[in-house]
A.B. asks: 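This is the structure I want to talk about, given as structure tokens.
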Amino acid sequence: MGRKKHFGSDNMKKRRRGICALSLFIIGLTAPAALSGCAKVPDGRDEHTPRIFGATYMTRNNPYFDIVHESISEVVEGNGDILISRDPQQDQKKQNDQILEMIDEGIEILFLNPVDWEAVKPALIACHEAGVPVFNIDTSVKDTEYVVTTIETDNYQAGVICAEDMMQRVPSAKILILDNPIQMSITYRVQGFLDTIAGHEEYEVVHQEAGAGELEVSAKVTSAFLEQEIPFDVVLGGNDPTALGALAALQQHHSEEGVLIYGIDGSPDFKSMLDIEYVTGTSMQSPKGIGQKAAEEAYRYLNGETVEPYISIEPVLITSENLSEFEINGWQ
């Protein structure tokens, strides 16, 4: 807004200063009454002392976990609290050490996505001894007695619907599976797929190997397998980055023609490949939904409410046929 340099006389300026001073004096007298209902208590401390929440995911090299984190953060910060996080980069020992660090920093809740469902146990015990409740997200831990709840996609069903779609598309297949045995979400997905094709000899798994849940690793694994010249025409990736790594390797070897490629996540990158029909289908997860639900359940727990020990979110298969129903460039 433009201000006029010569607004009134010197007397007028003095009067204004006087009015301002009087106003400040009146505010000073009435401030305790005025602020009594907004974040103040009689001893002068803030009514809401921010809680500190901790979060750790197996890797931040997968944008899926960025969305999970953002969704948790929105709820936590919306309640005036603080969320700190660590990236163990697929190293369980590092994750355990980082959890101990966060305990020392005073976290009251831990949101945990473990690198290794079994080797995370020392960190779970440390949380238990420190009185820090653990909310297990996206992939389960083995020792569930140390967590309040597990919140994840129905990973077994995610594998089932990939297998069902494959069986509708082709009468037989030779299948490459890229899993990650230390990550139970992927293990359950693969098991759902295998159980669905069980008893159908026309659908044969010719190779199964760990892709570590990451594009670069799965690309190397797939490339090495291609060099063995064992034919296959279906790829099941334990998640979308794994499936996209397989696609990259196939394209590098000029062998992608006629290969069905399935992922699990519903990521923007995979949906972009679906849009140009380079891949076949992905069982959609909702990182937004998982993150939001985890944070909401944490607050319910802190409020003394009952939290179910297992919360499952149903997956949906996205293919080129129903892609228009989803946002290609975003997560659900």
Side-chain angles (χ1 to χ4, degrees), residues 56-71 87-92 95 113-117 137-139 152-153 155 158-159 162 175-190 192-193 207-226 234-253 256 259-276 278-288 290-291 315-319 323 326-332:
T56 175
Y57 315 93
M58 65 180 68
T59 178
R60 294 299 290 272
N61 194 32
N62 183 345
Y64 174 89
F65 293 114
D66 291 334
I67 303 302
V68 173
H69 184 74
E70 288 171 11
S71 299
D87 179 6
Q89 300 173 323
Q90 296 279 21
D91 184 331
Q92 186 58 62
Q95 187 174 54
N113 171 255
V115 176
D116 185 315
W117 82 308
I137 53 177
D138 184 68
T139 185
E152 63 180 0
T153 303
N155 288 298
C162 285
I175 306 161
L176 168 64
I177 294 179
L178 299 171
D179 62 12
N180 192 23
I182 64 173
Q183 186 180 344
M184 289 312 294
S185 58
I186 289 180
T187 297
Y188 290 137
R189 294 166 191 171
V190 170
F193 185 94
H207 188 66
Q208 184 170 341
E209 188 171 346
E214 295 195 359
L215 188 151
E216 295 84 358
V217 176
S218 66
K220 291 178 181 177
V221 169
T222 304
S223 183
F225 183 64
L226 283 165
V234 172
V235 174
L236 173 69
N239 60 7
D240 281 357
T242 302
L244 292 175
L247 171 64
L250 283 161
Q251 290 179 331
Q252 186 177 14
H253 287 75
E256 72 273 22
V259 179
L260 305 183
I261 300 176
Y262 290 91
I264 296 171
D265 276 343
S267 66
D269 287 345
F270 198 97
K271 287 182 288 187
S272 295
M273 293 297 99
L274 262 179
D275 194 33
I276 54 179
Y278 280 5
V279 291
T280 311
T282 176
S283 290
M284 183 198 78
Q285 298 196 88
S286 175
K288 289 182 179 179
I290 288 174
V316 175
L317 188 70
I318 304 176
T319 66
L323 181 60
F326 303 91
E327 181 185 353
I328 293 179
N329 297 321
W331 291 85
Q332 277 62 42

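Every heavy atom of this structure was used, including side-chain atoms; hydrogens, water molecules and symmetry mates were not.
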A.B. asks: Determine whether Ile318 and Leu323 make a side-chain contact, defined as any pair of heavy atoms from C-beta on separated by less than 4.5 Å.
C.D. replies: yes
A.B. asks: Starting from the C-alpha separation in whole Å, work towards a yes-or-no answer on side-chain contact (heavy atoms from CB on, under 4.5 Å) for Gln183 and Ile186.
C.D. replies: CA-CA 6 Å; Gln183 186 180 344; Ile186 289 180; 3.5 Å; yes
A.B. asks: Say whether, by atom type as modelled, one donor and one acceptor occur between the side chain of Ser71 and the main chain of Gly291 under 3.5 angstrom.
C.D. replies: no
A.B. asks: If we check side chain to side chain contact (heavy atoms under 4.5 Å, CB included) with Ser218, which of these qualifies: Asp179, Asn180, Thr242?
C.D. replies: Thr242
A.B. asks: Measuring from atom CG of Asp116 to atom CD of Gln95, what distance do you get when rounded to the nearest 0.5 angstrom?
C.D. replies: 9.5 Å
A.B. asks: How far apart are the closest heavy atoms of Ala158 and Ile264, and which atoms are they?
C.D. replies: CB-CG2, 4.0 Å
A.B. asks: In sequence, state the C-alpha distance, the side-chain angles, and the governing distance for Val316 and Phe326, and then conclude on side-chain contact (heavy atoms from CB on, under 4.5 Å).
C.D. replies: CA-CA 11 Å; Val316 175; Phe326 303 91; 4.1 Å; yes
A.B. asks: Can you tell if the side chain of Ile182 reaches within under 4.5 Å of the side chain of Val115, non-hydrogen atoms only?
C.D. replies: yes
A.B. asks: Taking all heavy atoms of Pro114 and all of Met58, pick out the closest pair and write down the distance.
C.D. replies: O-CE, 3.3 Å
A.B. asks: What is the distance from atom OG of Ser223 to atom NE2 of His253, rounded to the nearest 0.5 Å?
C.D. replies: 3.5 Å
A.B. asks: Just by distance, do the side chain of Thr139 and the backbone of Ser185 share a donor-acceptor pair under 3.5 Å?
C.D. replies: yes
A.B. asks: Val279 versus Phe270: any side-chain heavy-atom pair under 4.5 Å?
C.D. replies: yes
A.B. asks: Any chance you could measure Phe65, atom CZ, to Thr56, atom OG1, to the nearest 0.5 Å?
C.D. replies: 10.0 Å
A.B. asks: Side-chain contact test, heavy atoms from C-beta onward, threshold under 4.5 Å: evaluate it for Leu226 versus Leu250 and give yes or no.
C.D. replies: yes
A.B. asks: Assess whether side-chain contact (heavy atoms from CB on, under 4.5 Å) is satisfied between Thr282 and Ser267, documenting all intermediate values.
C.D. replies: CA-CA 8 Å; Thr282 176; Ser267 66; over 6 Å; no
A.B. asks: Determine whether Lys271 and Asp275 make a side-chain contact, defined as any pair of heavy atoms from C-beta on separated by less than 4.5 Å.
C.D. replies: no
A.B. asks: Rounded at 0.5 Å granularity, tell me how far CD in Gln90 sits from CZ in Arg60.
C.D. replies: 13.0 Å
A.B. asks: In terms of the angle between their ring planes, are His69 and Tyr57 parallel, tilted or perpendicular, with boundaries placed at 30° and 60°?
C.D. replies: perpendicular
A.B. asks: Quick one: which of Thr153, Val68, Asp240 gives a side chain to side chain contact (heavy atoms under 4.5 Å, CB included) with Gln285?
C.D. replies: Thr153
A.B. asks: Using side-chain heavy atoms (C-beta onward) and a distance below 4.5 Å, is Asn61 in contact with Asp87?
C.D. replies: no
A.B. asks: Start with the C-alpha distance between Met273 and Asp269, add both sets of side-chain angles, then the distance that settles side-chain contact (heavy atoms from CB on, under 4.5 Å), and finish with yes or no.
C.D. replies: CA-CA 7 Å; Met273 293 297 99; Asp269 287 345; over 6 Å; no
A.B. asks: Quick check: do Gln208 and Ile175 have side-chain heavy atoms less than 4.5 Å from each other?
C.D. replies: no
A.B. asks: For Glu209 and His207, what are the C-alpha separation, side-chain angles and deciding distance, and is it a side chain to side chain donor-acceptor pair (under 3.5 Å)?
C.D. replies: CA-CA 7 Å; Glu209 188 171 346; His207 188 66; 2.7 Å; yes
A.B. asks: When Tyr64 is tested against each of Asp138, Thr59, Asn113 for side-chain hydrogen bond (donor to acceptor under 3.5 Å, both in side chains), which residue passes?
C.D. replies: Asp138
